[in-house]
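Naming convention: chains lettered A, B, ... in sequence-line order (proteins, then strands); numbering from 1 in each chain.
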Amino acid sequence: MSSAINDLLDKIFVNTLKSTVFIDRDVLRPEYIPDELPHREEQIAKLGSILAPSLKGSKPSNVFIYGLTGTGKTAVTKYVLKRLHSKSLELGVDIVTCYVNTRQDDTTYRVIVKLAECVGLRLPFTGISTAEAYRRFLKVLDSRSSIMIAVLDEIDFLIKRSGDEILYRLTRSSDELTNSKIAIIGITNDLKLVEDLDPRVRSSLGEVELVFPPYNAVQLEDILTRRAKIAFKPGAIDKSVISLCAALAAREHGDARRALDLLRVAGEIAEREGSEKVLIEHVYKALREIEVDRASEVISTMPLHSKLVLLAILNLTKTSNGKTTTGEVYTHYKSLCSKIGIESVTQRRVSDILSELDMTGIITARVISRGRYGKTRVISLAVPEDVVVKALSEDPYVSQLLSGNR
DNA sequence: CGTCCACAGGAATGACGGGCGG
DNA sequence: CCGCCCGTCATTCCTGTGGACG
């Protein structure tokens with residue numbers, strides 16, 4: 001082991017311990033819930049007044065919360081619930097709050113497992129039927145005589161994958177419960193979602209609706225400034241750098257999470273470079289780094305066929321001005337499969353894979369009609385080529401195909 | 001103004017591995 | 001250990017459709 005490497009490692013460790021710019025970088029992480037949520041006072045007050053009846057033992061209305069990503073929906077909800085919970089302890093009321101992110105737990109079964117955990121019931125990951133799991137959960141909840149407030153975050157994922165049956169059952173759960181009650185807070189960033197909801201669910205879930213508008217650049221800057229004050233050392237970051245982060249994020253529909261990420265990663269880059277200040281150039285580097293990280297993370301965990309489809313897209317978009325279609329992709333994908341001697345999947349499946357790639361944001365696919373020449377998707381890469389190549393080359397099967405056209 | 005392309009995308013079904021209850 | 005049920009990937013069969021072409 002060369003001492004140069006050891007020196008380098010040593011330097012990295014020391015730098016991390018004795019940060020050049022940060023006091024507390026965790027303040028900039030998305031999971032951090034600040035003590036104050038500026039520009040969301042109205043929503044906090046409204047959500048608070050909706051949930052307040054639970055302190056008197058009655059079931060609060062179900063709530064539907066809309067707002068684009070990074071508009072503070074989750075933060076506000078968690079914040080209000082936290083306060084509500086401590087108030088309930090003070091008053092001696094049994095309120096169970098449960099937060100489920102249905103992007104991670106996007107099946108009926110897993111949601112029930114999560115809800116059950118909140119009332120202290122451990123259910124097996126698998127092995128029992130959904131109906132049985134639900135029954136057990138209700139039994140335990142009812143025996144506690146409490147009010148449960150269930151937050152279903154990013155509820156569109158749940159509905160897309162598993163339908164709205166669970167919502168229906170939860171909203172009607174009072175029929176099956178005698179001592180306890182369940183109130184639901186549904187959070188979504190998909191405004192069209194409600195349309196394809198069972199009307200019965202729609203009316204009961206949407207008893208109250210709460211809208212979170214995006215932050216504008218000024219508000220974002222304010223938020224960033226407040227956080228930066230706690231996160232960074234005095235003088236480590238200039239107003240102009242914060243303004244830039246705010247402006248870049250405001251361009252992306254006022255996403256506070258992105259803005260904070262940008263600030264944090266810019267700080268980390270500054271630190272790596274041994275700089276004592278976060279500079280404009282660090283922000284631009286951060287912008288790129290975030291994109292690369294996200295893409296390679298997504299790509300490296302994809303199944304083989306998805307990678308092959310992506311490779312097909314990569315090759316095709318290189319020639320024909322960055323665009324291709326489903327048919328072309330499928331033909332090319334099949335030839336790639338035969339080259340490495342594996343069986344190809346059907347076109348139907350590739351169609352789904354394309355949708356998946358589109359959803360993750362790796363590609364952009366728009367369905368268009370070419371009239372007499374049919375209806376298809378126009379596909380283009382949504383991330384830089386070299387990022388895709390780099391991520392794909394990590395796969396042993398795919399990398400054989402990659403060498404040669406690199 | 002109807003036809004018909006080239007797919008989109010829904011529904012039903014199955015194979016398979018993981019993991020639990022009994 | 002078996003049987004059951006889960007989630008995931010995949011297939012088969014299918015109906016739906018925007019708009020250029022004739």
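At a threshold of 4.0 angstrom between heavy atoms, the contacts of A:Ser306 with the nucleic acid are absent.
Both A:Glu356 and A:Arg348 sit near DNA chain C, but only A:Glu356 has its closest nucleotide nearer the 5' end. Residue-to-nucleotide proximity on DNA chain B shows that, of A:Arg136 and A:Ser351, the 5′-proximal contact is made by A:Ser351.
Distance from the side chain of A:Ser369 is smallest to C:dG18 among C:dA10, B:dA8, C:dG18. Of the candidates C:dA10, C:dC6, B:dA6, the closest approach to any side-chain atom of A:Tyr109 belongs to C:dC6. Distance from the side chain of A:Lys375 is smallest to C:dG18 among C:dG7, C:dC13, C:dG18.
Proximity of A:His305 to the phosphate of C:dA10: a side-chain N or O atom is located under 4.0 Å from OP1 or OP2.
Relative to the ring axis of A:Tyr215, A:Arg40 places its NZ or CZ within 45° and under 6.0 Å from the centre.
A donor-acceptor contact under 3.5 Å is not formed by the side chain of A:Arg372 with the base of C:dG18.
With respect to the salt-bridge test (charged N to carboxylate O, under 4.0 angstrom), the residues A:Asp386 and A:Lys390 do not qualify. A salt bridge links A:Glu90 with A:Lys87: the closest approach of a Lys/Arg side-chain nitrogen to an acidic carboxylate oxygen falls below 4.0 angstrom.
You'll find the side chain of A:Ile280 reaches within 4.5 Å of the side chain of A:Val241, heavy atoms only.
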